[in-house]
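A short write-up of the structure that comes next.
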There are 2 protein chains.
Amino acid sequence: MTKPDLLIHTAFKLFYEQGIHAVGINTILNETGVAKKTLYHHFSSKEALVEAVLKYRDHIFMDWLTSRMLAAGEGKAAVLAIFDALDDWFHNQVPELLPFKGCFFVKANGEFSNHAVNALCLRHKHNITSFIQANLVNSTSALHAAELAQSISVLKEGAIAQAYVAGDLEAAKRAKAMAVALLG
Amino acid sequence: MTKPDLLIHTAFKLFYEQGIHAVGINTILNETGVAKKTLYHHFSSKEALVEAVLKYRDHIFMDWLTSRMLAAGEGKAAVLAIFDALDDWFHNQVPELLPFKGCFFVKANGEFSNHAVNALCLRHKHNITSFIQANLVNSTSALHAAELAQSISVLKEGAIAQAYVAGDLEAAKRAKAMAVALLG
DNA sequence: AACAAGAGAGACCGATTGGTCTACTTATAG
DNA sequence: CTATAAGTAGACCAATCGGTCTCTCTTGTT
């Protein structure tokens, strides 16, 4: 594993567990054993590292989610597979996402305002909604598919938040039941 | 307004806008004009102030939500009124909650781990779910009311997260439609 | 009038923050 | 062989963090 990848990987783990502002550069350096000079050779600032971490997580998460959806088929079946995937995540059955601690993008978004971080979080959420919409567009009108995708996103966000903050690990199952009713 | 109240009120505003770790004690002092000695006379530490701010927001939010629910009637009507209230909040029609910037408890929870803050956030969420359940217990069995209250909470959390992170200000209307189908 | 308490201004503290710099070691490629 | 780049160790920097302390002024109580 290259030094930049090691830094990103470790920084993500610490940021995800403790929050971005709560983790200092020196903590990441100690954890990785990388020299400070090396970090600043690859990243111009902590902010640049944070943005790299967000893109890294976006990549990991999207790959996982889309492959779970594609494996379930097409259309509504793929959309409903989201909630089975979330259920596995909540119960720590998805090693590549690390032990469940809520949505990293929601947490990161809450720590900044009017910042590049917010734009990256927004883009991540839009990408997911767009992918959902693409899976619904053959079953109904484009307009309706867009509306449905937004509603499915509400259920997905709700399940994650409820599982994390309220500790309701079965939230994905409830969300799936509502999604089934919604998609008919 | 007493000094402690002024500090709590101002600290909340800053924490809500910028995040808890991102706002230092001195910023709060400058904003309020209160002396550092006075702050530490009333609060033993920043952590103590943070906890006071969480309890303050819990009080404001619960008062607002429960009064909106009670004004709409009882049972399912009260539960569905949650989503009308959220819609007003998202569109900044609720001055006492300040301009909408997501759920303060979700944000605060994300900045700490294994901390008194997390326990306060959990309690806040449980209080709301319990109040929802109390409004459903006359319409159905106690067991079913508990399940329904959890599902309604998923919709509520989803609407807030989606409105804030993805900027979908109509999320409450979508959530309400799903709640109607659920309670149907 | 006397006095204790509350509050303000702000100097000061050690620790930590993000970030720079020098000096030295490795490793790879022409 | 040599030149260039990557990496290490860690001293160092100004700024800021949360928190303490002294000194002064004001306020209300008796």
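Here is the naming used below: chain letters follow the sequence lines, and residue numbers restart at 1 for every chain.
- Per the geometry, CG belonging to A/N30 stands 11 Å off P belonging to C/dT16, to the nearest Å.
- Within 4.0 Å (heavy atoms only), B/K37 reaches at least one base atom of the nucleic acid.
- With hydrogens and angles left out, the side-chain atoms of B/S153 and B/T129 include a donor and acceptor closer than 3.5 Å.
- Between A/F15 and A/H21, the ring center distance fails the sub-6.0 Å criterion.
- As rounded to whole Å, 18 Å separates atom P of C/dG10 from atom CD1 of B/I25.
- Phosphate contact (OP1/OP2 of C/dA7, side-chain N/O of B/K36, threshold under 4.0 Å): absent.
- With D/dG19, C/dA7, C/dG8 as the candidates, the nucleotide lying closest to the side chain of B/V34 is C/dG8.
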| What do the steps show when you test B/H91 against B/E170 for side chain to side chain donor-acceptor pair (under 3.5 Å), and what is the final call? | CA-CA 9 Å; B/H91 291 90; B/E170 309 308 317; 3.0 Å; yes
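- Counting to the nearest Å, the P atom of D/dC17 and the CD atom of B/Q18 are 11 Å from each other.
- Atoms CG (A/L39) and P (C/dT17) sit 14 Å apart, rounded to a whole Å.
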| field | Verdict with supporting geometry, A/F105 and A/F61, ring pair (Phe, Tyr, Trp, His ring centres under 6.0 Å) | value | CA-CA 11 Å; A/F105 298 91; A/F61 192 89; 7.1 Å; no
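- Atom CG of B/N26 and atom C1' of D/dA15 are 12 Å apart (whole Å).
- The OH atom of A/Y40 sits 16 Å away from the P atom of D/dG7 (whole-angstrom rounding).
- At whole-Å resolution of the value, NE2 in A/H41 and P in C/dT20 are 14 Å apart.
- Contact annotation: B/T38 side-chain N/O to C/dG8 OP1/OP2 distance is under 4.0 Å.
- For A/K107 and A/Y16, the positive end sits near the middle of the six-membered ring, less than 6.0 Å away and at most 45° from its axis.
- Separating the CG atom of B/L6 from the P atom of C/dA7 is a distance of 12 Å, rounded to the nearest angstrom.
- For the OP1/OP2 pair of D/dG7 and a distance below 4.0 Å, the side-chain nitrogens and oxygens of A/K3 include no atom meeting the criterion.
- Dashed line: the shortest gap from a side-chain N or O of A/H21 to OP1 or OP2 of C/dT17 is not under 4.0 Å.
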